[in-house]
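Step one of this worksheet: look at the structure below.
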Amino acid sequence: MSLSQRSSQKNIPFGKPSGFRILGIGKQEAIKYFFGGNATLAVILIFLIVGFLAYHAWNFLPQYQKSLTLYRLSGQEFTDYASDQLTAQKELSSLASQIPAYELKHRLGALYDLEAVHSDFKNKAQKELIAERKQLQRAKSNLTKHQAKEPPIQADIDAAKRRVTESTANLKKRAVMVLDGIDYSDLENKSLVTDDAYLTDIRASVTANIISGKTSDFIQAIRQTEAEKTAAIQALPHMQQLAKARSMLLAPQKPFNNYLKKYRLIASDNKGQAETHSNAAERKKAQLTKAELATTDQQRKIDLIKAERILTESPDYDKLNHPLYSSLDEHLLVQKTLTQQTKEALAAMPTVSDFEGGKAQERIQKITILGEAFFPLIEAKRKKMESWTHKEPVTIGQALSGFFMGTQWVSNSSWQDFYGVLPLLAGSSLVALVAIAIAVPFAVGGAIYVNRLSSPFEQRWIKPIIEFIGAIPSIVMAFLGVVVVGALIQEHSQNPLVSWIPSFPVEQDKTILTAGILLALMSVPTVFTLAEDALNNVPKAYKEAALALGSTHLQTVLKVILPSCASGIIAAVLLGFGRIIGETMVVLLVMGGRIAIPSSVSDPAHSMTGIMAQEIGEVEQGSLHWSALFMVGLLLFVIALTLNYIAQTTLKRLSKHS
Amino acid sequence: MNSQHTHSIDPTANLSGQAVATPEPEPPKAPPRKSQPPSTRTAMQTSIQNSPEGKTMIEIDDLSFSYDNGKTNTLHNISLDIPEKQVTAFIGPSGCGKSTLLRCLNRMNDLVDTSCITNGKIKIMGQDINAKHVSPIELRKQVGMVFQKYNPFPKSIYDNVAYGLRIQGIKKKSVLDESVERSLHGAALWDEVKDRLKDSALGLSGGQQQRLCIARTIAVRPKVILMDEPCSALDPIATAKVEELMLELRKDFTIVIVTHSMQQASRISDRTAFFYIGELIEYDNTANIFTNPSVKQTEDYISGRFG
């Protein structure tokens, strides 16, 4: 039947081609539907992803609003204003406490690091001398054994003694050899100021040390000199002045702290009651349901009594917060002491010119700057406390601005959780900017070279190698950052030759700069490939026309080719930026994970992607923290989408142009 | 057009100066053009203008050319002299080497790595253009080129015309303005675009774009303009305009044009060269070629029997 049908179809002029058919669908149509299905699925998936993010994030605002409402009702907000005042003052005193150490280090110079250098040297040498040291120990124990023998055999003791002398000499010889072999440059990095005169002494002392196993006189002498000099420096008038100022800063902290402790305790209590009430209705309902489902009458009775015990009426917040309102006078008192003493301390602070060390000077300057901002801040906070009322409701808008403008990301706190995205956003954007600033010259320069200036041989090699960087897994890159790049930057940024670079020297190994360099490396292939494509798409006619007008090769590239594919290159950079801002592993492992708005690229910071990866595994599903993380995800998605959209439109403009 | 006036402020005259001043030219050091005082250039220029009409501009002497390092020749032993301030047309069937020869004249073939001249010489204004000390950059400033497909840069009309001057380091706005206006006048485009000089050149019609390319070429005041089928992408009306323009330009420039259209060659050229498979078959006054060709092949081609 089917055979005859097929053959009959064949006989019809212009009939449909026979052959593969399922449910009346031919091969061509089947392929078409297959691809169409795939495309549709991709589109549906995108919408599902957006929907999924939004679904988990949408609960954030009401939840956060509720949380902030409790924060206000309980009076925690009130006490936090006072707490902010103290924090600002404590910053001043902590800066002042750092100064003496830095100044000492600077003034003591080589001496300050000498002991560390000594022990470093000793450790390195000892590692290589293990075998020799064992030999000596064995010889020594042998000698003791022979001496302890009853009766003592003089010949054996003599032999053992000889062996001890021999191995001591051996160890000494080896020690000198090893010390000669140690790389000095390593030590110079540790302490730029350690000079050769000291090093000779250290080497002699280390050799003596290794053999005797005791701290040598040399080190003891150094310790003594150091102690003497330290005392002398600390006795300097301005150092004493500083110490006095510092104690003036510290003195008023105690009464203020006592005040704070007392009222924070009250607020904490209030919060407990508020929280209990906030879910009382829910608990009561659950208990009643349980009672309904109870199998025995007795059980039901118990459940009903339990349900009755849950009080649903709101606590009397007026009464609860009353102590706070009436504490304003007490606060004024401690605040007065605080400001007065701080004012005096700032006036008593030694000036910048008194100090010699750069870091000490920096801190003095910072104290001056912060000191000026301190008094207005105290006044502002005081005003907020005076006008504070627990009755003012928290709006959704405040919750929203609390998320976008909040400078704190605090989770799992016993006090109050804050979910402000600003520090994460700042970290992510700053690292992306650093990365793109480093990557663009390399990637675009490389693309121009490979596409326009290189020989075919170079083209064959450079392109695949650069594109290969993209194949390196990001976790491997992160390891590279942890082990190599961070330490390298930290070490070499101390070099005075590069001190002109802003934010140098870098004091940590895990910073925005480290992560930025690695991300730059990772984005180079993306930007390079796209920029190269853009250059490739420039019509050959432009090059010919430019050359025929008498341009040199370089003029052709810079004045005709580059401008005509500028939008393509901009799109490449934007897509590279998108690639960077979505990267997780490197920023999580290499950026230091400090949640605060960074003040320079040499600070550690946290990122949006990093915080999500780090915290999502430990969060209760559906909680405020959970939805906060999804809000961050949504924000990240929107940023990536916007970047992509801008890149697409610039690309479209490019194609319209040519 | 104000041709006599324009010649006197020619910014580029190095090659001609060399050739006219010394028959045995020294290696030019290719000094930057902007540094040359205009007065010395005017002197050189006058000497050319005083030369008798019909002076030879380009001498091609026994030229053989290969695209594959000399394995096979694309052009075979071509010799021809192209006179100054006339239109010379190269005709012939596709693949006969006429475009290749044209691109030899401003060394555009240098862009092909494996190309080389296997025999013979090309002299422009007496200077062997393939001599070691001749810079192709300097040569191309004297020998401009208009391409088959109009290719203005994706810049404004003004920037397109000013490009050639700008890369020579001329930055003064008054000089550029004047040169742009003169060149657009020269290319018969001024009236059409004077109100939108800052608009993108890609918004012009095809014929306008090709005339813009011509304006861009004449802005650097070359001695020779090479045209590689300049009308093949244009409609008849635009073609007529460009042809009219060429007759106008002949007063100031030596024009070499490659064309597939026999009618075009007969309409605009003074002399015509017919090529066939890399060889020059016949070269004569246009009138002679079209009315009384001396070689049978030429006659066959012109009368449409092949090609």
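Naming: A, B, ... by sequence-line order, numbering from 1 per chain. Just so it is clear, the values below take in all heavy atoms, side chains as well, and ignore hydrogens, waters and symmetry mates.
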Practice item. Evaluate the ring planes of B:His185 and B:Trp190, with Trp represented by its six-membered ring, and classify them as parallel (under 30°), tilted (30 to 60°) or perpendicular (over 60°). Key: tilted
Review point. Side chain to side chain contact (heavy atoms under 4.5 Å, CB included) with B:Leu226: which of B:Ile257, B:Val258, B:Leu105?
Key: B:Leu105
Check your understanding: Checking heavy atoms, do the side chain of B:Pro152, its backbone, both or neither come under 4.5 Å from chain A?
Key -> backbone
Review point. For A:Glu458 and A:Ser455, does a side-chain donor sit closer than 3.5 Å to a side-chain acceptor?
Key: yes
Check your understanding: Is any NZ, NE, NH1 or NH2 atom of the basic residue among A:Glu544 and B:Lys149 found under 4.0 Å from an Asp or Glu carboxylate oxygen of the other?
Key -> no
Exercise for review: Below 4.5 Å from any heavy atom of chain A, which atoms of B:Phe153 appear? Answer side chain, backbone, both or neither.
Suggested key: both
Review point. Given a strict heavy-atom distance threshold of 4.5 Å, which part of B:Arg107 is in contact with chain A: side chain, backbone, both, or neither?
Key: neither
Practice item. With a 4.5 Å cut-off on heavy-atom pairs, point out which of A:Lys543, A:Gln555, A:Lys559 contacts chain B the most. Key: A:Gln555
